[in-house]
Amino acid sequence: SKACRIKASELALYLQYKAGILGEAAIIQIRPSECLEFGLSDRLRQRQVNRLVDAGLITAETGRGKCPRVKLIL
């Protein structure tokens, strides 16, 4: 619900989907092609990563030209 309040519900849904496949403790690489299926453009995806980090819901490793790698904070 916190992700919805901070306007990051699409990315939160994607991360829950990936965590269901990989396990909740997994480090999830956010792939742009998969995010498009959840309605996330590149800019929107990055904004939502930042919002989830600021809210304390995920940690993220980012770098120029690299797909973000995130971990859910449980």
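What you see below is based on every heavy atom in this structure, not just the backbone, and it leaves out hydrogens, waters and symmetry mates.
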Taking every non-hydrogen atom, the tightest pair across Ile73 and Gly56:
CD1-O, 3.5 Å

Does Leu22 belong to the same Ile/Leu/Val/Met/Phe/Trp/Tyr cluster as Leu57, with side-chain heavy atoms less than 4.5 Å apart forming each link?
yes

With a 6.0 Å cut-off (strictly less than), is the heavy-atom count around CD of Gln29, excluding the residue itself, greater than 12?
yes

Name the one of Asp54, Leu40, Leu11 that satisfies side-chain contact (heavy atoms from CB on, under 4.5 Å) with Val49?
Leu11

Atom pair CD (Gln48) and CD1 (Ile58), whose distance is rounded to the nearest 0.5 Å
10.0 Å

Hey, mind stepping through Gln46 and Asp42 against side chain to side chain donor-acceptor pair (under 3.5 Å) and telling me if it holds?
CA-CA 6 Å; Gln46 188 56 49; Asp42 290 339; over 6 Å; no

Between Leu36 and Ser41, which heavy-atom pair has the shortest distance, and what is it?
CD2-CA, 4.4 Å

Between Leu52 and Leu15, is the side-chain contact (heavy atoms from CB on, under 4.5 Å) condition met? List the steps.
CA-CA 11 Å; Leu52 292 173; Leu15 292 173; 4.0 Å; yes

Using 0.5 Å steps for rounding, measure from the CZ atom of Phe38 to the CD1 atom of Ile30.
11.5 Å

Closest contact, heavy atoms only, Ala8 versus Arg51
CB-CB, 4.4 Å

Using atom types as modelled and distance alone, determine if a side-chain donor or acceptor of Arg69 lies under 3.5 Å from a backbone N or O of Ile27.
no

When clusters are formed by joining ILVMFWY residues with side-chain heavy atoms under 4.5 Å apart, either directly or through shared neighbours, do Tyr17 and Leu44 land in the same one?
yes

Nearest-0.5 Å distance that lies between atom NZ in Lys66 and atom CD in Glu61
9.0 Å

